[in-house]
Amino acid sequence: MSAALARARRDFVAAVERRNPHEPEFVQAACELAESVMPLVLDNADYRAARILERMAEPDRVISFRVCWEDDAGEVRVNRAWRVQFNRALGPYKGGMRFSAGVTPSVLKFLGFEQTFKNALTGLPMGGGKGGADFDPHGASEREVMRFCKALMAELYRHIAPHVDVPAGDVGVGSREIGYLFGEYSRLTNRFEGGVLTGKGLTFGGSAVREEATGYGVICMLINALEHHGRGLEGQRVAISGAGNVALHAAEKACAEGARVVTLSDSDGTAWCADGLDAEQIAWIKALKLERRGRISEAADQLQGVEFHRGEQPWRLPCDIALPAALENEIDDDDARCLLDHDLVALAEGANMPVTAKASKRLREAGVVFLPAKAANAGGVAVSGLEQSQNATRVSWSRETVERRLHEIMRDIHDDCVANGGAGTVTDYFRGANVAAFERVARAMLAYGIV
Ligand code: NDP
Ligand code: 2IT
């Protein structure tokens, strides 16, 4: 590495840290992008003159607001919510809402930043945004969740619109919550404006396959990448973390494609099935987690061949492919070593930034086929984009049409990563995704002048 490149990277990291103290997740995301794209910036006088990277690392705005609601006991509760409108260069702000005790401005800024580049990779006209609240849905009753969603929308509705900002789901926000949010938005505005939220129910403007899209898209990307390296998914042991929207649909698709899904997990621990869960068992766990809102430990009590490892993540167990689909930074450097000890072949990031910077570097340097989140999990937001198109034209596409478009988009993202990932024996999807996405956002920003 040249001295100038090393200095530019160091200066960028120092500046981002100085401007965003106590925001480690955001600093991590910004620096991971800069690692890949700094050579391009140094080589391009227009990018340098426009201070393109510094501008990209600053959200357009962060809206913070109080959410006040009443619990079932009649007690008043106060939460804090945010919407980070990160970057509008390619379209209206677009990205999910997260309800979790762990939500902070740092987490939402990292997610909004990542979303900007992920959305760019889809090729659809979407800017980047993210939002959420420090509301923990665990243990909340159905009515409490509904009251919370309505109280949150009482403020959020001022900041969103189909051509302004279009939220969707993320951790703790699924179709139930989107229904409550959409209902309240319609009531407050007296408008049926389908394109203001995505992930809606199928009877009121939702798209076929949106629920499955992120998980299915991850497997699509994985198959493309394995084939590109002369391998296949059939018979491979896939360790998946989480048992939410992304994890369960990835498990369903992986199993349908002949892989052996050996783990699923939740915040209590990991369910392990050495032979691989069959389709019926995955369907049972899907109903347990998404409908009955139960705990993954129950799978071990009810299903043949499933053991429960309380308090453990999947990464110490043998697998060929790792598919983290729960939370950021869930795979650290020790986990990466264990995965390598078991001869890991590939890792696909279902969650956003689930691998720490150190672990990511170790795995990539060891020759693992490493599929970064902004490419691997882009299928969800891609189908959100297709939902927006359907809403705008007042039509509803068939399941086959949406699934075909999803496959085409994931194939295009794969090929873009390959085209921009350099020429190693193992494709550098990390660099390829960052470079391809950065160039799209940067070109639009340059075209707008200094704004
Ligand atoms: P869900 O809320 O549906 O599921 C989250 C899952 O993660 C739950 O099973 C939860 O378990 C589990 N979990 C939470 N904390 C831990 C922990 N400490 N250890 C193990 N498991 C844990 O969220 P999604 O599936 O929607 O999102 C998962 C990830 O995918 C996030 O990073 C999200 O940003 C990303 N993503 C989501 C997309 C989408 O379309 N939904 C699109 C692209 C990315 P528990 O039941 O105990 O809470
Ligand atoms: O991280 C993500 O891409 C999402 N949570 C989906 C966002 C969306 O707008 O569908």
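Whatever order the structure lists ligands and atoms in, that order sets their numbers, starting from 1.
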Do the ring planes of Phe148 and Phe135 sit parallel (below 30°), tilted (30 to 60°) or perpendicular (above 60°)?
parallel

Look only at the side chain of Arg210 and the backbone of Glu387, and say whether a donor-acceptor pair between them is shorter than 3.5 Å.
no

Neighbour count >12 (heavy atoms, 6.0 Å) for atom CZ, Arg292:
yes

Closest to atom 29 (C) of ligand 1 among protein heavy atoms sits Ala326 O, 3.3 Å

Please determine whether any non-hydrogen atom of Gly169 lies less than 4.0 Å from an atom of ligand 2.
yes

Which atoms from ligand 1 have a heavy atom of Gly350 less than 4.0 Å away?
30 (O), 35 (C), 44 (C)

Contact partition for Lys289 relative to ligand 1, non-hydrogen atoms under 4.0 Å
side chain

Side-chain heavy-atom pair Phe113, Lys130 within 4.5 angstrom cut-off
no

At under 4.0 Å between heavy atoms, which part of Asn352 makes contact with ligand 2: side chain, backbone, both or neither?
side chain

Under 4.0 Å from any heavy atom of Gln115, which atoms of ligand 2 are there?
1 (O), 2 (C), 3 (O), 7 (C)

Nearest heavy atom to atom 39 (C) of ligand 1: which of Asp170, Thr214, Leu290, Asp268 does it belong to?
Thr214

Between Lys94 and ligand 2, is there a nitrogen or oxygen pair with a distance under 3.5 Å?
yes

Partner of Asp165 under salt bridge (Lys or Arg N to Asp or Glu O under 4.0 Å), chosen from Arg61, Arg83, Arg88
Arg83

Would you say Ser241 and Thr263 make side-chain contact, with heavy atoms under 4.5 Å?
no

Just to be sure I read this right, does ligand 2 sit under 4.0 Å from the backbone of Glu114, its side chain, both, or neither, counting only heavy atoms?
neither

Can you check whether Val103 reaches Val171 side chain to side chain, under 4.5 Å on heavy atoms?
no

Ionic contact status for Glu70 with Arg147, cut-off 4.0 Å:
no

Does the side chain of Leu347 reach to within under 4.5 Å of the side chain of Val369, using non-hydrogen atoms?
no

Quick one: are Val166 and Thr198 in side-chain contact, heavy atoms under 4.5 Å?
yes

pair Met153-Arg187: side-chain heavy atoms closer than 4.5 Å
no

Are any non-hydrogen side-chain atoms of Val238 and Val262 less than 4.5 angstrom apart?
no

Are there over 12 heavy-atom neighbours, none belonging to Arg80, within less than 6.0 Å of that residue's CZ?
no

Please confirm whether Met353 comes under 4.0 Å of ligand 1, counting heavy atoms of the residue only.
no

As an exercise, identify every atom of ligand 2 less than 4.0 angstrom from a heavy atom of Ser384.
8 (C), 9 (O), 10 (O)

Could a heavy atom of His138 be found less than 4.0 Å from some atom of ligand 1?
yes

Suppose I only count heavy atoms of Arg210 and a 4.0 Å limit; which atoms of ligand 1 are within that range?
40 (O)

Can we call the ring centroids of Phe192 and Phe182 under 6.0 Å apart?
yes

Can an N or O of Asp170 be found at a distance shorter than 3.5 Å from an N or O of ligand 2?
yes

What atoms in ligand 1 come closer than 4.0 Å to a heavy atom of Ala351?
29 (C), 30 (O), 32 (O), 35 (C)

Would you check whether Arg98 reaches within less than 4.0 Å of ligand 1, judged by its heavy atoms?
yes

Candidate with minimal heavy-atom separation from atom 2 (O) of ligand 1, of Gly380, Pro354, Gly172, Gly244
Gly172

Where the closest heavy atom to atom 17 (C) of ligand 1 is concerned, which of Gly269, Gly95, Ser267, Gly132 has it?
Ser267

Between Glu155 and Arg158, is there a salt bridge with N-O shorter than 4.0 Å?
yes

Which residue and atom name correspond to the protein heavy atom nearest atom 3 (O) of ligand 1, and how close is it?
Asn245 N, 2.9 Å

For atom 42 (C) of ligand 1, state whether the nearest protein heavy atom is under 4.0 Å away.
yes

Can you report which non-hydrogen protein atom sits closest to atom 35 (C) of ligand 1, along with the distance?
Asn352 ND2, 3.7 Å

Per-atom contacts of ligand 1 with Arg295, taking only distances under 4.0 Å to non-hydrogen atoms
45 (P), 46 (O), 47 (O)

Looking only at side-chain N and O atoms, does Thr356 offer a donor or acceptor that is under 3.5 Å from a partner on Asn329?
no

Give a yes/no on ligand 1: does Gln313 have at least one heavy atom closer than 4.0 angstrom to it?
no

Exam field: side chain Glu298 to backbone Gly294, donor-acceptor pair closer than 3.5 Å:
no

Protein contact to atom 6 (C) of ligand 2 [nearest heavy atom, distance to 0.1 Å]
Arg210 NH2, 3.5 Å

Give the atom numbers and elements of ligand 2 that come within less than 4.0 Å of a heavy atom of Ala168.
8 (C), 9 (O), 10 (O)

Name of the residue among Glu252, His249, Lys253 meeting side chain to side chain donor-acceptor pair (under 3.5 Å) with Tyr216
Glu252

Considering the heavy atoms of Ala325, write down every atom of ligand 1 situated less than 4.0 Å from one of them.
28 (C), 29 (C)

Going by heavy atoms, is Met126 under 4.0 Å from ligand 2?
no

To the nearest 0.1 Å, how far is atom 4 (C) of ligand 2 from its closest protein heavy atom, and which atom is that?
Lys130 NZ, 3.6 Å

Measuring from non-hydrogen atoms of Gly174 to any atom of ligand 1, is the shortest distance under 4.0 Å?
no

Residue selection (non-hydrogen contact nearest atom 25 (O) of ligand 1) among Val246, Val383, Leu248, Val381
Val246

Nearest-contact summary for atom 7 (C) of ligand 2 - protein heavy atom, Å:
Gly96 N, 3.6 Å

Is Ala243 close enough to touch ligand 1? Criterion: a residue heavy atom under 4.0 Å from a ligand atom.
yes

Here the atoms of ligand 2 under 4.0 Å from any heavy atom belonging to Lys118 are 1 (O), 2 (C), 3 (O)

Rounded distance (nearest 0.5 Å) linking atom CD1 of Ile282 with atom SG of Cys255:
4.0 Å

Tell me the nearest of Val171, Asp266, Val107, Leu327 to atom 19 (N) of ligand 1, using heavy-atom distances.
Asp266

